[in-house]
S.K.: 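Quick one: structure below, then a few questions.
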Amino acid sequence: MKPLTHKQLDDLADALLLRIRKKTGVPIPREKLTAGLKIDLPTLDAAVKLLASCDYRIRASRKTITYVSAPDSLTATEISFGLKTEKFGRTVYAHNSVKSTNDIALALADDGAPEGTIVTAEQQTRGRGRLGRSWFSPAGVNVYISIILRPKFQPEQAPALSIIAAVALADTVSEFVPGDVRIKWPNDLMIGRRKTAGILTELSAEKGKINHVVAGIGINVNQGVGSFPEDIRDSATSLRRAVKRKINRVELVQKFLARFEKEYKTYCRYGLRKQLPRIRKYSYLIGKTISVKSGRIKLSGKAIDIDVQGRLVIDTGSEQTHLSAGEVTIVKE
Ligand code: BTN
């Protein structure tokens, strides 16, 4: 066989991976693989070597190849393999280090990327949070993902997409951390009293029409307790800290994408009506005395509900106010 280009070898490694990972732990005769892929033995070795260099664990003997396990990395190949969605995650831009996945997704969306396109990164150097804050985004341990949405509804319905993402995330995280998962309105995910994930939704609209929405989600997954910066050490946590074991990030992302797609479709069709019971069930705030800053407005009172538009309902003592955005501080549990 004549030597392969990098791209050909890469494609071949993908094809090989598809074949061997279907039979995890089972030795597959080399001849079967070379015949199936129409390659010679040295080329098979080169493809195995390439996969091994990407941290796939593969046992190669003189006669057989055995797939052992995948690396813990958010590559396009890993995210796509076994993904159960129609659109979400069907186009993947998986990066190693970027400034912000939301910035990249916004640019892709401007260039016409299809709905469901995702951008992920192993690390962000300028991860952005809500209200102009930064999002701590160290390498290789967490999930940083942005999803491009192109809903057909009015721009006024876009803010609730954060809550929709939060519900999908709450359901997903509950699978890994049973019990104490809550949504601190509008879109912080809490485990116990600490924040484990945040959502930054950014909208582009013109003349009353949505161009696109980018939903950016940061999840502290395998972050060690001691490695949070000092200012958030007491208020932040990770899934790993909660369950005391390492979580598979690819599995988490795939499950989240499937749930988010389902919730998104439901919201596009019915509004929040169907999801409201779960939104209320997950609420971290209902029943608590809080103060909220929403733009220039500052309010205190009891959080009593979340309404069908996803707004927080506060009883200030003299009236009931419905807020569509804000920064909440808990005054009394
Ligand atoms: C918050 O709680 O303030 C929202 C945090 C959102 C962080 C995510 S990480 C992926 C995406 N890219 C960003 O720059 N921000 C969001």
Side-chain angles (χ1 to χ4, degrees), residues 74 79 88-89 92-110 113 116-149 158-170 172-173 181-191 193-204 212-223 228-229 231-239 249-250 252-253 256-257 260 282 284-285 292-294 310 312 325-330:
L74 291 170
I79 293 171
F88 283 26
V92 183
Y93 292 85
H95 295 274
N96 190 21
S97 179
V98 296
K99 281 187 184 164
S100 153
T101 56
N102 260 36
D103 291 351
I104 295 177
L106 285 166
L108 286 167
D110 275 338
T117 298
I118 63 168
V119 181
T120 64
E122 288 288 348
Q123 175 188 29
Q124 295 184 119
T125 52
R126 300 192 74 165
R128 296 191 287 111
R130 287 175 65 229
L131 310 164
R133 298 192 182 123
S134 61
W135 184 257
F136 179 59
S137 311
V141 283
N142 295 330
V143 167
Y144 318 112
I145 182 169
S146 301
I147 304 159
I148 296 174
L149 306 171
L161 283 171
S162 295
I163 300 180
I164 292 302
V167 169
L169 197 54
T172 311
V173 169
V181 175
R182 295 267 179 278
I183 299 167
K184 182 173 170 220
W185 180 93
N187 47 17
D188 289 351
L189 198 79
M190 312 291 285
I191 296 179
R193 286 170 191 214
R194 293 167 196 258
K195 176 164 169 174
T196 196
I199 299 162
L200 174 67
T201 316
E202 297 184 288
L203 165 75
S204 156
H212 54 256
V213 177
V214 166
I217 293 115
I219 317 170
N220 299 328
V221 184
N222 290 320
Q223 174 97 35
F228 283 109
D231 57 324
I232 56 169
R233 199 163 292 165
D234 289 338
S235 58
T237 192
S238 66
L239 272 64
R249 291 179 299 154
V250 174
L252 180 75
V253 165
F256 169 66
L257 287 172
F260 188 23
Y282 277 124
Y284 183 73
L285 295 180
V292 192
K293 241 182 98 194
S294 181
L312 183 68
E327 178 66 356
V328 177
T329 314
I330 295 181

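Computed from a predicted structure; not experimentally measured. Ligands are counted one by one from 1 in listed order, and the atoms in each one are counted from 1 as well.
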S.K.: In terms of residue, atom name and distance, what is the protein heavy atom nearest to atom 5 (C) of ligand 1?
M.R.: Trp135 CE3, 3.4 Å
S.K.: Looking only at distances, can you tell me whether any N or O atom of Arg128, backbone or side chain, sits closer than 3.5 Å to an N or O atom of ligand 1?
M.R.: yes
S.K.: Counting neighbours of NZ on Lys195 that are heavy atoms of other residues, nucleotides or ligands and sit closer than 6.0 Å, is the number greater than 12?
M.R.: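 Counting neighbours around NZ of Lys195, more than 12 heavy atoms of other residues, nucleotides or ligands fall under 6.0 Å, so yes.
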S.K.: Picking from Thr196, Leu252, Val173, what satisfies side chain to side chain contact (heavy atoms under 4.5 Å, CB included) with Val221?
M.R.: Leu252
S.K.: Side chain, backbone, both or neither: which applies to Ser146 and ligand 1 if a contact is any heavy-atom pair less than 4.0 Å apart?
M.R.: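 Looking at Ser146 and ligand 1, just side chain atoms fall under 4.0 Å.
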S.K.: At under 4.0 Å between heavy atoms, is it the side chain or the backbone of Ile199 that contacts ligand 1, or both, or neither?
M.R.: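 Just the backbone.
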S.K.: Just jot down the ligand 1 atoms closer than 4.0 angstrom to any heavy atom of Ile145, in number order.
M.R.: 10 (C)
S.K.: Taking the six-membered ring for Trp, are Phe228 and Phe136 parallel (under 30°), tilted (30 to 60°) or perpendicular (over 60°)?
M.R.: tilted
S.K.: Out of Val253, Val119, Ile118, which residue meets the side chain to side chain contact (heavy atoms under 4.5 Å, CB included) rule with Val92?
M.R.: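 One option only clears the test, and that one is Ile118.
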S.K.: So, Asn187 side chain and Ser162 main chain: donor-acceptor pair closer than 3.5 Å or not?
M.R.: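 Checked: no pair found.
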S.K.: Considering only heavy atoms, does Asp188 approach ligand 1 within less than 4.0 Å through its side chain, its backbone, both, or neither?
M.R.: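 Side chain only; the backbone of Asp188 stays clear of ligand 1.
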S.K.: Who's the nearest protein heavy-atom neighbour of atom 3 (O) of ligand 1, and how far?
M.R.: Arg130 N, 2.6 Å
S.K.: Starting from atom 9 (S) of ligand 1, what is the nearest protein heavy atom, named by residue and atom, and what distance separates them?
M.R.: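 For atom 9 (S) of ligand 1, the nearest protein heavy atom is Gln124 NE2, 3.3 Å.
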S.K.: So, the side chain of Tyr144 versus the backbone of Pro138: is there a donor-acceptor pair under 3.5 Å, distance only?
M.R.: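 Pair found, side chain donor or acceptor close to backbone of Pro138.
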S.K.: Examine Ser100 against ligand 1 and note whether any of their N/O atoms are separated by less than 3.5 Å.
M.R.: yes
S.K.: Has Arg193 got more than 12 heavy atoms of other residues, nucleotides or ligands less than 6.0 Å from its CZ?
M.R.: no
S.K.: Among all protein heavy atoms, pick out the one at the shortest distance from atom 2 (O) of ligand 1; state its residue, atom name and that distance to 0.1 Å.
M.R.: Lys195 NZ, 2.6 Å
S.K.: Just which atoms of ligand 1 are under 4.0 Å from any heavy atom in Gly127?
M.R.: 14 (O)
S.K.: So Phe260 and Thr172, do their side chains get closer than 4.5 Å, heavy atoms only?
M.R.: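 Not in contact.
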S.K.: Measure Asn187 to ligand 1 on non-hydrogen atoms and call it side chain, backbone, both or neither using the 4.0 Å cut-off.
M.R.: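 Within the 4.0 Å criterion, Asn187 makes no contact with ligand 1.
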S.K.: Among protein heavy atoms, which sits nearest to atom 10 (C) of ligand 1, and what does the distance come to when rounded to 0.1 Å?
M.R.: Thr101 OG1, 3.2 Å
S.K.: How close does the nearest protein non-hydrogen atom get to atom 8 (C) of ligand 1, and which residue and atom is it?
M.R.: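 Among all protein heavy atoms, the one nearest atom 8 (C) of ligand 1 is Gly218 N, 3.5 Å.
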S.K.: So if I count the atoms of ligand 1 from 1 in the order they appear, which ones are less than 4.0 Å from some heavy atom of Ile217?
M.R.: 8 (C), 9 (S), 10 (C)
